[in-house]
Asker: 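Let me give you the structure first, and then I'll get to my questions.
These figures come from a predicted structure and were not determined experimentally. Order of appearance sets the numbers: ligands from 1, and atoms from 1 within every ligand.
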Amino acid sequence: MSDSVATITGEDGKSAELPLLRGTHGPVVADVRGLRKETGLFTYDPGFASTASCKSSITYIDGAEGILLYRGYPIEQLAEHSSYLEVCYLLMYGELPTPAQMTSFEDIITNHTMVHENIRSFLNGFRYDAHPMAMMVGTVGAMSSFYHDSTDINNPEHREISAQRLIAKMPTLAAYCYNHHTGRPFLYPDNSLGYVANFTRMMFGVPAEEYKPDPTVVAALELIMLLHADHEQNASTSTVRLTGSSGANPFASIAAGIASLWGPAHGGANESVINMLDAILYSGETIEQTIARAKDKNDPFRLMGFGHRVYKNFDPRAKLIQKMCHDLLQQLGGDQPLFELAMELEKATLADEYFVERKLYPNVDFYSGIILRALDIPMNMFTVMFAMSRTVGWISHWMEMHEDPEFRIGRPQQVYTGAARRDYPTNT
Ligand code: CMC
C-alpha cells in the first residue's frame, strides 16, 4: 500500500519522510503518523477535509465524479437489484449473501425485533411533546442497560449480536418514539411482514384494525433506506468511531451517532428542507428573493437540501430518488403548493450561476424530505428514519474499527490560541 514518500521539514530543520499510501480507489494519502515524533510538527485541518482518520473497506465516494460504492458495488446497481436488508448484510459482512445466508440473516433480524417491555415504560417518561430524535438518542443509549450479557466489545460474538440487535430493534424504537409523541398505541412487531412494512405498521397501524402495508410507501421507503445505509466517514459515523474508540459499548456509540446526525447540516437537513419551504410559502417570498438571501454573505440563511461536503457533482443518491420524487408528486398529489415551490427551487438553482459555480446541487435530503412529506410521514420522523437506515453503516464501521490492528483511541490535536502562561493576580 505504501510505495514512496513525501518529505516535510520543521522549523528546526528536522525532517520526516511521510510514506504515501494508496487505497483501492481515491487520491494518494500522506501518512503523517510519524510527523510529530520526528519533527515536532502536527497538522491543522478544521473539519478534517484533508485528513483520513482510518482505513476502511466499507464504502467509497468519489465526490467529483458523483460515485458511491458499497463494498465495491455501485449504488445504482444495488438500488436496482438489492433490498435494504441485503445491503445491511453486504455492509456488515463485506460480501453479498448466498440465498441461505440471506434467509438466515433475515431470520436473525426478524427474531430480534421486539424490545424489552421496560423500554416502553422508559419512553413513557418523556414529555408528550418530546421530539422523536431526542427520544431516540436517550432510548438507544438506554439499550446498553438491557444487554449487559453482550456488550463486551473485545468479544467478536458480542459485537455481532449487538449489531444484529441494533438493526432489528431500530424500527421498533423509531415507531415507539412516534407513538409516544402522538399518543398512539405501541404495537408489537409483526414478524410475518418485511423489515420496512413492519416499521410502517408499528407506526401507522392500530390494534383495532388489520393493517395493510401500502406497496408504494414500502417501495419508496425501502429505496430511501438503502440509499442512506452508509456514507463513509461523515460526521455521525466519525462520531460513532470516536465514541467507540474509547471502548464505549455499541449502544452508547450509536446513541452518540444519532445525536450527531440530528444537526440540520447533516441528517436534520431533510426536516429543515420542509421547514424552509413552509416558511417561504408562509412569508410569500418569491423564489428570486429566497435565492438572493441564500447568496447574501451577510445573511446566515442557506438553502437547505443544497450542497454537500463531498459531492461537488450531482449526489448519485439524489439522482436515484429525483425521478421517484417527480413521479410520486404526480401520482400522490398532496401538498401541491409546497411541492410546486420545491420543483421551482430545484429548477431555479440548477440555472443560477452562484449555485452552478459552487457545484451546489440538490442533495439526497432535498428529495427525501419531499418524498417523505408526500408519503405523509410526519416531519419530525424524517431524521429518525435516516438514523434507522444509517444504523447498519454506523455499526459496520464500529465493528471494522474494533477489528483494525492500527486502531487507537481518537484524540485530535489543537492549535492553542488562548492567553499565554500568566500568574494568578495576588495583589488586591
Ligand atoms: N446555500 C447557499 N450557499 C451555500 C450552501 C447552501 N445550501 N451550501 C454551501 N454554500 C456556499 C457557501 O456559502 C460557500 O460559499 P463561498 O465559497 O462563497 O464562501 C460555498 O458554497 C462552499 O460552502 P462550504 O460551507 O464551504 O461547504 P461545506 O462543504 O463546508 O458544507 C454543507 C457542506 C452540506 C454543510 C452545506 O452545503 C450546507 O450547509 N448545506 C445545507 C444543509 C444540507 O442540505 N445538509 C445536508 C447534507 S447531505 C446529507 C448528509 O450527508 O448528511
Asker: Mark yes or no for whether Y60, through its side chain, and Y73, through its backbone, hold a donor-acceptor pair below 3.5 Å.
Answerer: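 Not at all, since once roles are kept as given, no pair shorter than 3.5 Å links the two residues.
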
Asker: Within the 4.0 Å heavy-atom shell around D365, which atoms of ligand 1 are there?
Answerer: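 Every atom of ligand 1 under 4.0 Å from some heavy atom of D365: 46 (C), 48 (S), 49 (C).
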
Asker: Has ligand 1 got any nitrogen or oxygen that is less than 3.5 angstrom from a nitrogen or oxygen of L303?
Answerer: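 So ligand 1 has an N or O lying under 3.5 Å from an N or O of L303.
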
Asker: Any idea which protein heavy atom is nearest atom 2 (C) of ligand 1, and the distance to it?
Answerer: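 Checking every protein heavy atom, the shortest distance to atom 2 (C) of ligand 1 gives A294 O, 3.6 Å.
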
Asker: Within the structure, does F306 bring an N/O atom to less than 3.5 angstrom of an N/O atom in ligand 1?
Answerer: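 Such a contact does occur with ligand 1.
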
Asker: At what distance is the nearest protein heavy atom to atom 48 (S) of ligand 1, and which residue and atom is it?
Answerer: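 Going atom by atom, the protein heavy atom closest to atom 48 (S) of ligand 1 ends up being H308 CD2, 3.3 Å.
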
Asker: I need the atoms of ligand 1 closer than 4.0 Å to a non-hydrogen atom of N363, numbered in the order shown.
Answerer: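 Near N363, meaning under 4.0 Å from one of its heavy atoms, ligand 1 has 43 (C), 44 (O), 46 (C), 47 (C), 48 (S).
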
Asker: Does the Lys NZ or Arg CZ of R293 fall within the cation-pi geometry relative to F301 - under 6.0 Å from the ring centre and within 45° of the axis?
Answerer: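 Ring-cation test returns yes.
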
Asker: Quick one: does R390 get a heavy atom under 4.0 Å from ligand 1?
Answerer: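 It does not; every heavy atom stays at 4.0 Å or beyond.
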
Asker: Pairs of nitrogen or oxygen atoms closer than 3.5 Å, one from G305 and one from ligand 1: do any exist?
Answerer: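 G305 vs ligand 1: N/O contact under 3.5 Å present.
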
Asker: We want to know whether N198 and T113 form a side-chain donor-acceptor pair, criterion being a heavy-atom distance below 3.5 angstrom.
Answerer: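 Judged by distance alone, the side chains do not pair up.
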
Asker: Before accepting this row, confirm whether a basic side-chain N of the pair K323/D327 lies closer than 4.0 Å to the acidic partner's carboxylate O.
Answerer: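 Yes, charged N to carboxylate O under 4.0 Å.
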
Asker: Among all protein heavy atoms in this structure, tell me which lies nearest to atom 3 (N) of ligand 1, with the distance rounded to 0.1 Å.
Answerer: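 The closest heavy atom on the protein side is Y354 OH, 3.1 Å.
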
Asker: Does ligand 1 have a heavy atom under 4.0 Å from the side chain of L360, from its backbone, from both, or from neither?
Answerer: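 Contact part for L360 vs ligand 1: side chain (C-beta onward).
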
Asker: Less than 4.0 Å between a side-chain N and a carboxylate O, is that true for R317 and D365?
Answerer: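 No.
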
Asker: Within the 3.5 Å criterion, strictly below it, is a donor on T349 or Y361 matched to an acceptor on the partner's side chain?
Answerer: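 Result is no, nothing qualifies.
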
Asker: At what distance is the nearest protein heavy atom to atom 52 (O) of ligand 1, and which residue and atom is it?
Answerer: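 Minimum-distance protein heavy atom for atom 52 (O) of ligand 1 reads H266 ND1, 2.5 Å.
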
Asker: Does any donor atom in the side chain of S56 or E400 lie under 3.5 Å from an acceptor atom in the other side chain?
Answerer: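 There is such a pair (donor and acceptor under 3.5 Å, judged by atom type) between the side chains of S56 and E400.
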
Asker: Got the closest protein heavy atom to atom 29 (O) of ligand 1, with its distance?
Answerer: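 That would be R309 NE, 2.9 Å.
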
Asker: Do the ring planes of H131 and W262 sit parallel (below 30°), tilted (30 to 60°) or perpendicular (above 60°)?
Answerer: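 Ring orientation, 0 to 90° scale: tilted.
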
Asker: When the ring planes of H402 and W398 are compared, do they come out parallel, tilted or perpendicular, using 30° and 60° as the limits?
Answerer: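 Perpendicular, since the angle between the ring planes exceeds 60°.
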
Asker: Report yes or no: does a heavy atom of N234 sit under 4.0 Å from some atom of ligand 1?
Answerer: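 Heavy atoms of N234 never come under 4.0 Å of ligand 1.
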
Asker: Does K295 come within less than 4.0 Å of D352, counting only side-chain N to carboxylate O?
Answerer: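 Yes, this pair counts.
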
Asker: For atom 22 (C) of ligand 1, is the nearest protein heavy atom closer than 4.0 Å?
Answerer: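 No, there is no protein heavy atom closer to it than 4.0 Å.
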
Asker: For ligand 1, which atoms sit closer than 4.0 Å to a heavy atom of K312?
Answerer: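 Close to K312: 29 (O).
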
Asker: Looking at R33 and E406, is any side-chain nitrogen of the basic one under 4.0 Å from a carboxylate oxygen of the acidic one?
Answerer: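 Looking at R33 together with E406, the answer is yes, because their closest N to O distance falls below 4.0 Å.
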
Asker: Heavy-atom distance from atom 37 (O) of ligand 1 to the protein below 4.0 Å?
Answerer: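 Yes, there is a protein heavy atom closer to it than 4.0 Å.
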
Asker: Return yes when at least one protein heavy atom is under 4.0 Å from atom 27 (O) of ligand 1, and no when none is.
Answerer: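 No, no protein heavy atom sits under 4.0 Å from atom 27 (O) of ligand 1.
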
Asker: Which residue is it: H158, R165, E157, E160? I am looking for the one with a side chain to side chain donor-acceptor pair (under 3.5 Å) to S150.
Answerer: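 Per the side chain to side chain donor-acceptor pair (under 3.5 Å) rule, the option paired with S150 is R165, out of H158, R165, E157, E160.
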
Asker: Which residue holds the protein heavy atom closest to atom 31 (O) of ligand 1, what is that atom called, and what is the gap in Å?
Answerer: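 Minimum-distance protein heavy atom for atom 31 (O) of ligand 1 reads R302 NH1, 4.0 Å.
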
Asker: Considering both backbone and side-chain atoms of A265, is one of its nitrogen or oxygen atoms within less than 3.5 Å of a nitrogen or oxygen in ligand 1?
Answerer: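 N/O-N/O distance below 3.5 Å exists for this pair.
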
Asker: So which protein heavy atom does atom 15 (O) of ligand 1 come closest to, and at what separation?
Answerer: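 The closest one turns out to be K297 NZ, 3.1 Å.
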
Asker: Could you tell me if R358 sits above the aromatic ring of Y354, with its cationic atom closer than 6.0 Å to the ring centre and no more than 45 degrees from the axis?
Answerer: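 Yes.
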
Asker: Give yes or no for whether the N/O distance cutoff of 3.5 Å, strictly under, is met between R358 and ligand 1.
Answerer: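 N/O-N/O distance under 3.5 Å: yes.
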
Asker: Can you report which non-hydrogen protein atom sits closest to atom 46 (C) of ligand 1, along with the distance?
Answerer: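 Of the protein heavy atoms, A269 CB, 3.4 Å lies nearest.
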
